[in-house]
Structures are given as structure tokens and as C-alpha cells.
Amino acid sequence: MDTEKVESLHFIEQIVEDDIANGKHEGRVLTRFPPEPNGYLHIGHAKSICLNFGLAQKYGGKTNLRFDDTNPTTEETEYVNAIKNDVRWLGFEWDGEELYTSNYFDQLYDYAVQLIKDGKAYVDDSTAEEIAALKGTPTEAGKDSPYRSRSIEENLDLFERMKAGEFPDGARVLRAKIDMTSPNMLMRDPLIYRIKHETHHRTGDKWCIYPMYDFAHGQSDSIEKITHSICTLEFENHRPLYDWCINSLGIFPSRQIEFARLNLNYTVMSKRRLLLLVKDGHVNGWDDPRMPTISGLRRRGYTPASIRNFAKRVGIARRENVIDISLLEFSIREDLNKTAARVMGVLNPVKLVITNYPEGQVEEMEMINNPEDDSMGSRKVPFSRELYIEREDFMEDAPKKFFRLSQGKNVRLKGAYIIHGTDCIKNDAGEITEIHCTYYPNSRSGSDESGVKAKGTLHWVSTAHNIKAEVRIYDRLFLDETPLGHKDKDFLEFINPDSLKTITAYVEPSLKTAKSGDRFQFMRKGYFCVDPDSTETDLVFNRTVTLKDSWAKKNKKK
RNA sequence: UGACCCAUGGUGUAAUCGGUAACACAGCGGUUUUUGGUACCGUCGUUCAAGGUUCGAGUCCUUGUGGGUCAACCA
């Protein structure tokens with residue numbers, strides 16, 4: 001018998017399976033995806049979404065969507081809606097309504113009171129600077145705050161008055177009383193509540209004190225009875241505090257598990273920097289097709305399946321990683337190769353005249369829509385005496401390895417005839433303005449009796465039957481592989497000035513009915529999708545990704 | 001001068017718990033092809049170091065080395 005291929009589990013699946021086997025939480029699996037609504041989701045979040053929702057799917061569990069909205073100064077409803085849209089677009093549905101940490105503000109307040117009553121929290125009147133000064137450093141222990149030993153009654157009174165709005169922003173904070181000498185800085189009496197007289201996107205002006213992340217996140221997990229609370233590595237040092245809160249409160253023990261975040265070369269991933277790119281106009285918004293945001297990738301033409309496959313391929317582990325952007329590109333090519341209809345579009349046109357083809361004659365050439373999928377059928381494309389072909393598909397004095405058109409050489413026009421290059425016309429500047437050729441009338445595609453051989457195949461459109469379209473050619477946003485990896489240089493210095501080039505192309509008439517979001521393979525050129533800017537009269541395409549091009553690669557080396 | 005974490009080909013992830021290092025991407029070469037695409041085939045190349053335990057170590061132990069995180073009233 002063949003050895004059965006055992007699917008290997010990543011370390012989080014391992015933990016979940018162990019928990020199920022041990023009957024922990026009655027074998028229940030409940031994960032959560034907890035974005036802060038202060039920016040758009042990016043491909044790194046997609047990894048996390050696929051992980052959390054994927055785990056639940058695999059083990060018969062559910063996933064909550066919870067907005068971590070404890071900081072009213074940066075959070076907005078616009079982001080909430082965009083995030084919900086992105087998660088659904090990726091193909092996932094959360095359990096029930098979306099949740100908000102702000103739903104639990106009352107409960108969280110009660111937890112804080114409980115801590116105070118247990119002598120585990122105190123109100124500190126120190127300024128931010130004073131608190132920082134006593135905090136110590138990673139290698140030096142901190143010192144107790146002079147307010148650390150206030151009575152429970154006084155703390156209770158002060159905390160209630162903080163809530164009542166008696167004090168201005170920053171006047172007082174509530175701190176957990178843990179250990180100012182702990183080697184883990186996060187355990188040195190962390191701040192758990194601060195005063196912010198600010199309107200919250202959901203609770204309005206009900207509160208003027210807001211819990212800090214460390215006092216909100218774990219308890220929210222606990223309130224929702226999350227079994228596996230998955231976050232990225234930089235929260236590793238928070239885990240003792242996460243557990244301390246849950247244990248001190250004696251509430252449901254959710255477990256925090258950390259994994260390494262996704263990094264991609266040739267881009268930046270932090271929300272702060274992405275926001276900067278948007279705010280400073282280096283890109284045209286969060287959904288600019290050059291952005292690594294989910295909305296940007298969507299507009300670029302990426303499919304949800306390609307992103308899910310990508311997320312699967314990058315794996316889950318605990319070591320820092322930098323994924324090559326080519327893996328993302330592979331994932332979208334792989335998907336689109338199977339699903340995108342082939343069409344012809346000439347991006348950089350030059351006129352081709354078939355001198356022995358009857359003037360005024362038009363033939364409808366039948367073309368297969370997708371050689372990878374017969375069910376996609378075929379279409380008719382008009383062919384005539386004058387065509388546009390790609391300028392780079394013709395060369396005078398071509399080297400032997402050049403399989404395209406040249407004087408004295410044969411080449412197949414895709415889905416039509418084999419032609420023979422004869423000569424070309426140039427303008428005063430020496431640029432080719434027109435290419436002349438003859439065709440073999442009996443070489444028509446599908447009924448070729450010519451016996452003529454052609455090494456290459458070109459795409460084309462009829463000059464009299466084509467549609468002009470705006471095509472946005474995107475390239476990577478950064479020229480450097482690690483834009484953040486240079487000590488003395490700002491990442492903005494590495495922005496690629498040619499990351500967007502807009503051109504006018506001639507595309508085949510069948511594209512007339514193309515609608516926003518439709519994806520195509522422009523044969524031999526790449527995958528393109530219709531941009532939302534597109535209208536009935538003015539088509540706009542975004543280039544998603546080129547085809548692999550071994551010819552271009554070969555030339556580049558020389 | 002602290003705590004915690006990490007270390008497998010160019011990149012990423014495996015090796016089910018000690019049994020002779022695999023998969024994907026990238027690279028290189030080739031076959032097929034009416035897309036220089038796809039598909040297929042081949043090829044390159046890996047256990048941070050030094051000790052130790054063991055018949056046997058990527059896996060266990062020790063010590064190094066290298067990298068990451070932590071001193072926001074952000075999450």
C-alpha cells in the first residue's frame with residue numbers, strides 16, 4: 001500500500017488539535033479577527049483572516065469579527081465599513097453581528113472596579129513624564145509611584161470621578177498594581193484606563209475614560225469565550241499581562257497564541273506608513289492598485305481565491321519572514337490562467353498592412369475564449385487588411401532567436417492567417433510608421449492547407465474595428481527590496497517614479513460590454529481588469545500582472 | 001547590562017515528537033504549444049557554530065553566535 005501522505009499541521013493547528021483531543025472547552029473552537037478601525041486592511045491582515053477563519057472552518061468552529069475600538073481619537077466608522085467589506089470579499093462570514101470592544105465598556109469598567117477592590121489597581125496622579133521616569137528601562141528596574149499605596153476607598157472614589165468627567169485629559173490614570181521591578185516592562189504597573197474627553201464613533205459622549213489595549217483585549221476575548229486568541233509576535237511580551245488580567249479577574253481563560261506577521265519585499269506594510277502614502281498623495285487612496293491593501297489588490301484585479309491560496313502558501317510559523325512578491329504574483333497568475341477570458345489588445349500599436357488582402361473585406365475570425373476551459377466557448381473577432389500589432393513584435397535585422405515579424409519571415413496572426421514580412425515605412429526620425437506584409441490565403445486558422453511554417457504568433461486588432469481604452473500599467477511601488485532597511489534613508493526615497501504609466505491601447509471590439517471588475521488576459525501581454533473609473537464610453541483597464549515572459553527575461557540578461 | 005522569542009537551500013514552509021532532509025516559489029536547462037503563456041521533464045542548492053547524550057541528532061542537553069520584540073495615557 002502506498003504511504004498515505006499525512007498532511008502536516010502548523011503549530012497552531014497542532015495546539016488546536018491537542019486541545020480538542022484533551023476535551024478543552026468541550027472541543028469548542030472560537031477564534032476572532034480583531035481589527036482596529038483606524039485604517040484599511042492589508043495583505044498581512046488577509047493572512048490573519050485566513051488563519052482565524054480557516055481554523056474555525058477546519059475544526060467546526062466559528063469566528064467573531066470584533067472591532068477593537070478603545071481609542072476614539074483615531075477610529076472611524078468609514079474604516080469599519082471598509083473592513084467588513086474586505087472580510088466578506090475575501091470569502092469569510094463572521095458569526096452573527098459584528099462585535100465591538102466598545103460593547104463591553106460597562107463590563108470592562110466593572111472589571112476595573114473589581115481590581116481596585118481587590119487591591120490590584122490604583123489611580124495615579126502622575127504626569128506621563130513622571131510615570132515614564134519611574135518606569136525604568138529594560139535593564140533597570142522601575143520604582144513605585146508615590147500614589148501606589150492609596151487606599152481602596154480613595155481609588156474607588158477617584159476612579160468614579162474620572163468616569164464622571166471631573167478631571168481633564170491626562171490628569172489621572174488607572175494602573176494595575178503588579179510589579180515595578182519585573183523584567184517585563186509591561187508588568188511594571190501598566191496603565192489600564194486613561195481619560196480622553198472625546199466622542200467615540202459608537203458610544204458617543206457616554207464615556208470620557210477608555211480602557212487601554214491590555215485591559216480590553218483579553219477581557220473581550222474572555223467575555224466572548226474565545227478559545228484561541230491569535231495575534232502577531234509583537235504581542236508576545238503582553239501574554240503574561242493578558243493572563244494576569246484573566247486570572248486576577250477569575251474569568252474565562254482564553255489563550256493568546258502568537259505567530260509571525262507577513263512581510264513582503266518591495267513594499268511597506270504598516271498602517272502608519274500606508275496612511276502616509278495616502279495622505280501625502282504618493283498614491284491615489286487606500287485602494288490604489290499599487291497598495292498592498294486588500295482594497296488595492298482587489299482594484300488591481302486580484303481574486304479572493306488567489307489571496308487565500310497565497311495565505312496558505314506562506315505558512316504559519318514563529319520566525320520573522322520576508323515573502324517574495326513573486327509568490328503573490330504566482331498565485332494570481334495561477335487563478336487567472338484558469339478563469340480569465342483571453343482577448344486581444346495592442347498596447348503600443350504600429351500599423352500593419354496586408355498588401356495582398358482585398359481592400360474593404362472583413363472576415364470574422366473565431367477565437368477560443370480560454371484554452372484552459374472549453375466551457376467558456378468562443379467569440380468572433382473582425383479581421384481586415386489593416387491591423388495594429390505590437391511595435392515590439394516587428395524588428396528589422398532580427399536575430400535568429402526572434403520568433404516574431406521581420407522582413408522575409410513568416411509569423412502567424414493569432415486565430416487568422418500566416419503572413420510574410422516584406423518591408424516597412426519610416427518617418428524622418430527613422431521611426432517605423434507602417435509595416436507591409438503579404439498573407440497566405442490558404443493558411444486560415446482551423447483550415448490551414450498552406451504547409452507554411454511560422455515560429456511565432458502575434459496578437460492584433462483591426463484598425464477599423466477596435467476600441468480605444470485607457471490602460472494603467474502598474475509596477476511595484478518601491479524600487480528597493482527592503483525600503484525600510486536603510487538606516488539613513490527614508491522609505492519614501494525608494495518610491496518608484498514609474499509605478500504607474502497610463503497609456504492608450506487598442507482593444508478588440510468584444511470588450512465593448514466589459515464591466516467594472518471584469519478580468520481578462522490580454523494575450524501575450526498579461527492580465528487586466530476593468531477599473532471602477534471605467535464608463536460605457538471610456539474603458540479603463542488596470543494591469544494586474546504580466547504574463548511570465550521568458551523572452552523579455554532572456555533579453556534583459558544581455 | 002534584563003526578560004521573552006527565533007535560527008533548515010536565494011525565499012517561505014515541512015520532516016507527526018531521535019531513524020539517513022521534502023514541498024512550493026524564484027533561478028537555470030529542455031519538451032510540447034496557433035499566447036516566448038499554460039502543462040510537463042530535468043537541474044541547482046539546505047539543517048548558525050562548538051561540544052555532549054545516542055548504534056543513530058535538523059529534532060534532546062550545554063555553551064556560544066546571530067536576529068527579533070519590549071522603556072506610547074497606540075493597538
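Excluded from the calculations below are hydrogen atoms, water molecules and symmetry mates; all remaining heavy atoms, backbone and side chain alike, are included. Sequence lines set the chain letters: A, B, ... in the order given, protein chains first and strands last, and positions in each chain run from 1.
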If you compare every side-chain N and O of [X] against the phosphate oxygens of [N] (OP1, OP2), does one of them come in below 4.0 Å?
X	N	answer
Thr70(A)	A75(B)	yes
Arg194(A)	C74(B)	yes
Lys135(A)	A72(B)	no
Lys453(A)	U34(B)	no
Arg524(A)	G36(B)	yes
Ser550(A)	G37(B)	yes

Taking [atom1] from [X] and [atom2] from [N], how many angstroms apart are they, rounded to a whole number?
X	N	atom1	atom2	value
Phe403(A)	U34(B)	CZ	P	13 Å
Phe528(A)	G37(B)	CZ	C1'	13 Å
Phe522(A)	G36(B)	CZ	C1'	19 Å
Leu405(A)	U34(B)	CG	C1'	15 Å
Tyr79(A)	A75(B)	OH	C1'	15 Å
Glu130(A)	C73(B)	CD	C1'	13 Å
Ile389(A)	U34(B)	CD1	P	20 Å

| request: Write out the stems for RNA chain B, ordered by first number and formatted as range with range, counting runs of at least 3 consecutive Watson-Crick or G-U wobble pairs under 3.5 Å. | output: B:2-7 with B:65-70, B:10-13 with B:22-25, B:27-31 with B:39-43, B:48-52 with B:60-64

| query | In this structure, which one of Leu458(A), Asp448(A), Val452(A) forms a side chain to side chain contact (heavy atoms under 4.5 Å, CB included) with Arg412(A)? | reply | Asp448(A)

Can you tell me how the ring of [X] sits relative to the ring of [Y], calling it parallel under 30°, perpendicular over 60° and tilted otherwise?
X	Y	value
Tyr213(A)	Phe235(A)	tilted
Phe541(A)	Phe520(A)	perpendicular
Trp286(A)	Tyr79(A)	perpendicular

| said: For Met523(A) and Leu191(A), find the nucleotide of RNA chain B closest to each by heavy atoms; which residue's nucleotide sits nearer the 5' end? | reply: Met523(A)

| query | For Arg313(A) and Ala416(A), take the nucleotide of RNA chain B holding the closest heavy atom to each; which residue's nucleotide lies nearer the 5' end? | reply | Arg313(A)

| message | Given the ring of Phe403(A), does Lys455(A) sit roughly above its face, with NZ or CZ under 6.0 Å from the centre of the six-membered ring and within 45° of the axis? | response | yes

| said: Ring of Tyr122(A), cation from Arg150(A) - is the NZ or CZ under 6.0 Å from the centre and inside 45° of the axis? | reply: no

Going by modelled atom types, is there a donor-acceptor pair between the base of [N] and the side chain of [X] at under 3.5 Å?
X	N	answer
Asn337(A)	U38(B)	no
Glu372(A)	G37(B)	yes
Gln14(A)	U16(B)	no
Thr457(A)	U35(B)	no

| said: Does either side chain, that of Glu160(A) or that of Tyr109(A), offer a donor lying less than 3.5 Å from an acceptor on the other one? | reply: no

| field | Donor-acceptor side-chain pairing of Asn38(A) and Glu36(A) below 3.5 angstrom | value | yes

RNA chain B contacts made by [range], counting heavy atoms under 4.0 Å:
range	value
residues 325-336 of chain A	Ser326(A), Leu327(A), Phe330(A)
residues 36-51 of chain A	Glu36(A)
residues 255-273 of chain A	none

| said: Enumerate the salt bridge (Lys or Arg N to Asp or Glu O under 4.0 Å) contacts for residues 168-187 of chain A, please, sequence neighbours excluded, ordered by first and then second residue. | reply: Asp124(A)-Arg175(A), Asp125(A)-Arg172(A)

| request: State which of C73(B), G37(B), C5(B) makes the closest approach to the side chain of Arg342(A). | output: G37(B)

| message | Would you say the base of A75(B) stacks on Tyr213(A) (centre-to-centre below 5.5 Å, plane angle below 30°)? | response | no

| query | Picking from Tyr506(A), Tyr388(A), Phe383(A), what satisfies ring-ring contact (aromatic ring centres under 6.0 Å, His included) with Trp460(A)? | reply | Phe383(A)

Write down the protein N/O and nucleotide N/O pairs, taken from nucleotides 9-11 of chain B, whose separation is under 3.5 Å; answer none if there are no such pairs.
from: U11(B); atom 1: O3'; to: Val322(A); atom 2: O; distance (Å): 3.3
from: U11(B); atom 1: O2'; to: Val322(A); atom 2: O; distance (Å): 2.9

| Is there a salt bridge (Lys or Arg N to Asp or Glu O under 4.0 Å) between Arg239(A) and Glu258(A) once you walk through the steps? | CA-CA 9 Å; Arg239(A) 184 159 20 99; Glu258(A) 313 87 22; 2.6 Å; yes

